[in-house]
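The structure appears right after this line, and notes come after that.
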Protein chains: 2
Amino acid sequence: MTNASGRLTPLKPKTGTRPGKKINETDVPNYINNSEDKSENSSISKADSSLFVGSVEKGFSVLHAFSRSRKPLSLTEIASETGMGKSAAQRFCYTLVQLGFLERDESSRRMRPSAKLLELSHTYLASNPISSIAAPYLLQARENSGEAVNLALPMEQDVIYIARLSSSNSHILHPIVGGRAPMFCTSSGRAYLSTQTPEDIERILDASDLTPITRHTITDRAEILKRVDDVTINGYTTACQECIVGELTIAAPIWGADGLGVGSVNICVTRPAWTEERVIDELAPIVCQTAHNISLALSN
Amino acid sequence: MTNASGRLTPLKPKTGTRPGKKINETDVPNYINNSEDKSENSSISKADSSLFVGSVEKGFSVLHAFSRSRKPLSLTEIASETGMGKSAAQRFCYTLVQLGFLERDESSRRMRPSAKLLELSHTYLASNPISSIAAPYLLQARENSGEAVNLALPMEQDVIYIARLSSSNSHILHPIVGGRAPMFCTSSGRAYLSTQTPEDIERILDASDLTPITRHTITDRAEILKRVDDVTINGYTTACQECIVGELTIAAPIWGADGLGVGSVNICVTRPAWTEERVIDELAPIVCQTAHNISLALSN
DNA sequence: TATATTTGTATTGCAATACAATACTTAGTA
DNA sequence: TACTAAGTATTGTATTGCAATACAAATATA
């Protein structure tokens, strides 16, 4: 209900005032994301320029519905998940099935994401050199530590993981690539935050939902800022069980050629085999060295 | 030019005959992809049901443009790559930038795919258990072989790789996940083909572009079919330098609970350290065992 | 087995949206 | 400074996407 676009009353007049529009009062092109009204309520709704193609957004919003509930969804479930009407849901599901991004089980009539979505991630990975550049150093870090190593980039108030090397003795592959986690409570996020100006940090924290995820999640702003400052002092920061109980992580920031923060490397271990002290003793040098090497490699 | 939708003459009449349409002569629902007219010429154009939302397709076609040329693209390049007009390209680029799937470099004004695309792959991986189920066996295979292990699923006339474990001593991470390769000239593809009926195999080969990729690519249908048959006899098949010069691969099929082929596992090594004989001697048992274990795990 | 209810599918008129055309602006070159 | 090419903004038009709705199929209930 209460679709984010405010499409509540069907047939609302909305007298066709599209042509005419407000005549670009500023001198900054429409392209710039000059919307400070971020994240209204749900996922949908972004821009309202006359250039914006709403159907594209709706298509992605159907796909996004599957990242919340990870089960196959029926048409009506998709309609209610996305806040679209049944007709619209029907249209977009039909389209996405035709395009191959959703698969339909003919007996249950439920849809689920198809492997074709991986093609899109491949498009990103193949056209963006960062993960290839970082790869050798990440592999080295995994070899030196024996533990899981991740590469993360900032995305709004979150970090998004773009590469993962699982620990040498792991027997599962955590599908973390493409996953997001809040900056404020991850070592990756705090490492990245340390590359930002105090104003930007404030802005990101303001926009963050500081609800604790585990009972160890640090939500006190002063304490978060202190941990971010730690990076400037020591070169790394840790987060212990703040996202996942039993998980300890340590991260260091990656800098780009332009002197701006790019993302971060983190190493990820579990209790009780590891303690925070041991993480700092053994992994801090590795994670710092790795981040440093990647930063250098990015500048060449 | 000659956009696949036949949108050649601007302002062509196309007298508004949309409502009315042909009244579903068959009894098979519109959802079923009953179009045999596959892959006309370029990438665009699929269905023409009144349910189909063309803008969604166009959005994806813009993203797809980046998988051909892996560099950042300007607006006009995107327009010509996709066959859309400049206006349409503008709209879809604007939309995709707003949604965060494309990033704009303000100085060069070029766009490139953003890491947010990885979220979509995560949606797939998280809602589809196959890669998690297969993971322990793939890890085991990598441990036993020390070499790169891949998991592939069929997609039209190609296979798409949905998981990759790089070889123990590799210092690069080949971004192969989400990548596609033709079935006819890959060991993975042939292993999958062996699970299909002769008619389906013929159909897939008919639809395939049998142009050789390297000078070792086998394009003779009888020879391809023989290699596919090998799987039935021996449980595995090989492909040597047919896609990448210097690369030898061996694959075995994965079967689902319903007795239908699901995909395949392959192990991937390089010359001159390896020869086809050594691959068969040392890796065939591993790849067969792995595929068998995954098939069993999928049935439980 | 019949009836009710829910879910999926198909159709249609309406109007809002996406488009081509085009004018305008900026950047890059001569 | 003019010239050219590329990017950006605007607008009328009609195509497209939508809600509403009718129809069908499946599932639940009696």
Side-chain angles (χ1 to χ4, degrees), chain A residues 3 5 7-32 48-59 73-80 83-95 97 104-111, chain B residues 3 5 7-32 48-59 73-80 83-95 97 104-111:
Chain A
N3 163 330
S5 315
R7 189 171 294 130
L8 269 165
T9 54
L11 289 175
K12 81 177 155 191
K14 195 181 186 181
T15 45
T17 50
R18 192 176 54 78
K21 209 175 179 321
K22 64 161 181 284
I23 193 167
N24 184 21
E25 291 115 2
T26 75
D27 53 349
V28 48
N30 261 2
Y31 266 74
I32 308 296
D48 243 329
S49 156
S50 60
L51 293 176
F52 191 76
V53 180
S55 300
V56 172
E57 177 177 47
K58 285 174 195 147
L73 295 177
S74 70
L75 195 60
T76 37
E77 285 166 339
I78 290 171
S80 77
M84 317 197 283
K86 200 171 68 161
S87 299
Q90 182 187 15
R91 295 178 70 82
F92 286 98
C93 289
Y94 173 81
T95 304
V97 168
R104 242 173 77 91
D105 179 54
E106 291 303 328
S107 60
S108 71
R109 287 146 177 221
R110 285 166 182 275
M111 262 83 61
Chain B
N3 163 333
S5 315
R7 190 173 291 130
L8 270 165
T9 53
L11 289 176
K12 83 179 154 189
K14 195 183 184 180
T15 45
T17 49
R18 193 177 51 78
K21 213 181 176 319
K22 65 159 181 284
I23 193 167
N24 186 19
E25 290 114 1
T26 74
D27 53 351
V28 48
N30 260 2
Y31 266 74
I32 309 296
D48 242 329
S49 157
S50 59
L51 293 176
F52 192 76
V53 179
S55 299
V56 172
E57 178 178 47
K58 286 173 195 146
L73 296 177
S74 70
L75 195 61
T76 36
E77 285 166 338
I78 289 171
S80 77
M84 317 197 283
K86 199 170 68 161
S87 300
Q90 182 187 14
R91 296 178 67 82
F92 287 99
C93 288
Y94 173 80
T95 304
V97 168
R104 240 173 80 90
D105 179 54
E106 291 305 327
S107 60
S108 70
R109 287 145 177 223
R110 285 165 181 274
M111 262 87 55

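Below, chains carry the letters A, B, ... as their sequence lines are ordered, and counting in each starts from 1.
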Position toward the 5' end of DNA chain C (nearest nucleotide), S55(A) or L73(A): L73(A)
Heavy-atom nearest nucleotide on DNA chain D for R109(B) versus G54(B): which residue maps closer to 5'? R109(B)
Would you mind reading off the distance between F52(B) atom CZ and dT15(D) atom P, rounded to a whole angstrom? 19 Å
Touch class at under 4.0 angstrom, heavy-atom based, for S87(A) against every strand present: base
Could you tell me the separation between the CD atom of E77(B) and the P atom of dA5(D), rounded to a whole number of Å? 16 Å
For the atom pair CZ (R104(A)) and OG (S74(A)), what is the distance rounded to the nearest 0.5 Å? 11.0 Å
Grab the CD-C1' distance between Q90(A) and dT21(D) for me, whole Å please. 12 Å
Would you kindly check whether a donor in the side chain of T76(B) faces an acceptor in the base of dA6(D), or vice versa, at under 3.5 angstrom? no
Side chain of L75(A), heavy atoms from C-beta onward: which of dT10(D), dC19(C), dG8(C) has the nearest atom to it? dG8(C)
What distance separates T76(B) OG1 from K86(B) NZ, expressed to the nearest 0.5 Å? 8.0 Å
Could you check how far CD of E106(B) sits from P of dG7(D), rounded to whole Å? 12 Å
Please give, in whole Å, the distance from dA20(C) C1' to F92(B) CZ? 13 Å
Does dT9(C) have OP1 or OP2 under 4.0 Å away from a side-chain N or O of R104(A)? yes
Between P of dT10(D) and OH of Y94(B), the distance in whole Å: 12 Å
Least distance between heavy atoms, V53(B) atom then F92(A) atom: CG1-CE2, 3.8 Å
Between atom CZ in R91(B) and atom P in dT11(D), what is the gap in whole Å? 14 Å
What are the two closest heavy atoms between I78(B) and A89(B), and how far apart are they? CG2-CB, 4.4 Å
Round to a whole Å and report the spacing from CZ of R110(A) to P of dG8(C). 7 Å
Donor/acceptor link under 3.5 angstrom from S74(B) side chain onto base of dA6(D): no
Answer yes or no: is there a side-chain heavy-atom contact under 4.5 Å between L75(A) and M111(A)? yes
Measure distances between side-chain N and O atoms of K86(A) and base N and O atoms of dT9(C), and say whether any donor-acceptor pair falls under 3.5 Å. yes
